[in-house]
Amino acid sequence: MSDSLEELLASSRKPAEFILSAFADEISPDLDEQLDVLEAEDIRFLELRGAWGKNVADFTNDDLKKIEKSLSARGIGVSAIGSPVGKSSITAPFEVELKRFERILEIADWMGSSYIRMFSFFMPPEELASEGAAVYAKYRPEVMRRLEALAEMTTPYGMILLHENEKDIYGDTALRCADLLDTVGSTNLRAVFDPANFVQVGVKPFSGAFPLLERHITYLHIKDAFFEDGRVVVAGAGEGEVEEVLTALHANGYVGYASLEPHLSASGPYGGFSGPQLFHEAVAAFRTLLAGLGGGLPEGF
């Protein structure tokens, strides 16, 4: 840890709490195996994205009853719904996404989660290839309109939308993430901070993104990556400045979830996979980083 980071940590006056969660479908498609591994790691929350090969948006009421029963028996809660909302083309009919979001709100309410992860729509790839950065300005008004509508829909439920920075959506760079969060200006819309995703669009997560988004950060996704090829690695092994981000948040008294999304075996535009053994390695690496924040694990680990 650098001297400047040590000084930042020493200046902390508020207790921090990183509450560990995980995309358990990175462990296995089978819900029971997901929960077995979480229990073995003493992780008491999951970010619900999928089970049995189904995406959370496609769960039936019978699926939800089964999941609810299994989680209750294990004493595991839902930190967020890892929804796919907004991970669609900005040129696709918004009505389809609205209908899907209505179901996601019902699922979040059922599972007792106040957070819903979402995205800010893919830009058309053929237009990106031909027009470059001008595409983002072209579709900016429609992006803002859609996010304002989604944020408003959460109000009756008292829920928070968590925008995740993701490659090729409007909010992939820190500048555009800050733009949409500031423009929508809703207390129902906050930021998920994903260091690896920033690396994959050429943005330094701590020195480049954190200063712009610090006031919006409400939730963390934990994965790391390299600039050269975008390869995802365990936290602290890449160029995602994960230690610096954690140190700054710890110093600022961050209280919230840190959700492991390792992507160590496979990754793609709609999710990733690690398997049980690589998931264990991801947990160990992250806990090693956390142990350096003041000589011990923060409360919640």
Side-chain angles (χ1 to χ4, degrees), residues 1-12 14 16-23 47 117 162-169 171-179 181 190-264 267 272 274 278 281-298 300-301:
M1 186 182 298
S2 68
D3 290 342
S4 60
L5 289 177
E6 289 176 348
E7 291 170 2
L8 180 59
L9 185 57
S11 70
S12 176
K14 298 179 289 183
E17 184 177 3
F18 294 85
I19 305 167
L20 191 55
S21 182
F23 284 87
E47 186 162 346
R117 184 276 304 267
L162 299 170
H163 174 267
E164 179 177 350
N165 53 290
E166 172 81 9
K167 186 178 180 180
D168 294 334
I169 64 172
D172 56 359
T173 66
L175 283 171
R176 284 193 291 271
C177 285
D179 176 40
L181 291 162
R190 304 289 292 167
V192 173
F193 194 91
D194 189 312
N197 288 355
F198 279 127
V199 168
Q200 291 176 341
V201 296
V203 175
K204 291 185 176 180
F206 180 65
S207 52
F210 188 82
L212 291 173
L213 299 174
E214 179 180 1
R215 67 191 183 280
H216 296 294
I217 297 170
T218 299
Y219 198 100
L220 300 175
H221 281 172
I222 303 301
K223 60 180 184 286
D224 205 342
F226 287 102
F227 282 103
E228 182 177 1
D229 56 7
R231 180 167 54 92
V232 178
V233 291
V234 298
E239 297 173 290
E241 301 180 318
V242 179
E243 181 183 12
E244 290 89 337
V245 170
L246 293 175
T247 300
L249 289 171
H250 185 273
N252 292 340
Y254 175 84
V255 176
Y257 293 105
S259 185
L260 284 156
E261 189 185 15
H263 281 21
L264 295 177
S267 62
S274 297
L278 291 175
E281 293 177 17
V283 175
F286 185 49
R287 282 187 163 136
T288 296
L289 285 182
L290 289 168
L293 303 181
L297 292 179
F301 279 79

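Please read all numbers here as calculations on a predicted model, not as lab measurements.
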Exercise for the section: Determine whether Asn197 and His221 make a side-chain contact, defined as any pair of heavy atoms from C-beta on separated by less than 4.5 Å. Expected result: no
Handout entry: From CG (Leu212) to CD1 (Ile217), nearest 0.5 Å
Key = 10.0 Å
Handout entry: Taking every non-hydrogen atom, the tightest pair across Glu261 and Asp194
Key = OE1-OD2, 3.4 Å
Practice task
Indicate the ring-plane relationship of Phe193 and Phe198, choosing parallel, tilted or perpendicular according to the 30° and 60° boundaries.
Solution key: tilted
Handout entry: Results of side chain to side chain donor-acceptor pair (under 3.5 Å) for Thr173 - residues two or more places apart only
Key = none
Problem - For Arg215, all residues meeting side chain to side chain donor-acceptor pair (under 3.5 Å), sequence neighbours excluded - result: Asp182
Practice task
Please report the shortest heavy-atom distance between Cys177 and Asn165, naming the atom on each side.
Solution key: SG-CB, 3.7 Å
Problem - salt bridge (Lys or Arg N to Asp or Glu O under 4.0 Å) involving Asp224 - partner list, sequence neighbours excluded - result: none
Exercise for the section: Please assess Leu220 against Leu246 for the test side-chain contact (heavy atoms from CB on, under 4.5 Å), listing each intermediate value before the final yes or no. Expected result: CA-CA 10 Å; Leu220 300 175; Leu246 293 175; 4.1 Å; yes
Fill in the blank from the handout: Scanning both residues in full, the closest heavy-atom pair of Gly230 with Gln200 reads O-NE2, 2.8 Å
Exercise for the section: Applying side-chain contact (heavy atoms from CB on, under 4.5 Å), run through Lys223 and Phe23 and close with a yes or a no. Expected result: CA-CA 11 Å; Lys223 60 180 184 286; Phe23 284 87; over 6 Å; no
Practice task
Drop me the distance from Glu243's CD to Leu290's CG, to the nearest 0.5 angstrom.
Solution key: 10.5 Å
Practice task
For residues Val232 and Pro262, determine if any side-chain heavy atom of one lies less than 4.5 Å from a side-chain heavy atom of the other.
Solution key: no
Fill in the blank from the handout: Note: Gly240 and Pro195 closest approach over all heavy atoms is O-CB, 3.5 Å
Handout entry: Stepwise side-chain contact (heavy atoms from CB on, under 4.5 Å) check, Phe206 with Thr247
Key = CA-CA 10 Å; Phe206 180 65; Thr247 300; over 6 Å; no
Problem - side-chain contact (heavy atoms from CB on, under 4.5 Å) between Lys204 and Glu244, intermediate numbers included - result: CA-CA 11 Å; Lys204 291 185 176 180; Glu244 290 89 337; over 6 Å; no
Problem - Qualifying residue, where the test is side chain to side chain contact (heavy atoms under 4.5 Å, CB included) with His163 and the options are Leu213, Thr218, Ile169 - result: Ile169
Problem - For Glu239, side chain to side chain donor-acceptor pair (under 3.5 Å) partners two or more places apart - result: none
Completion exercise
Distance col, row Tyr257:OH vs Glu17:CD, nearest 0.5 angstrom, shows 9.5 Å
Handout entry: Contacts of type side chain to side chain donor-acceptor pair (under 3.5 Å), residue Tyr219, not counting sequence neighbours
Key = Glu47, Ser79
Fill in the blank from the handout: For Ala235, the side chain to side chain contact (heavy atoms under 4.5 Å, CB included) test, sequence neighbours excluded, returns Ile222, Val242, Phe286, Leu289
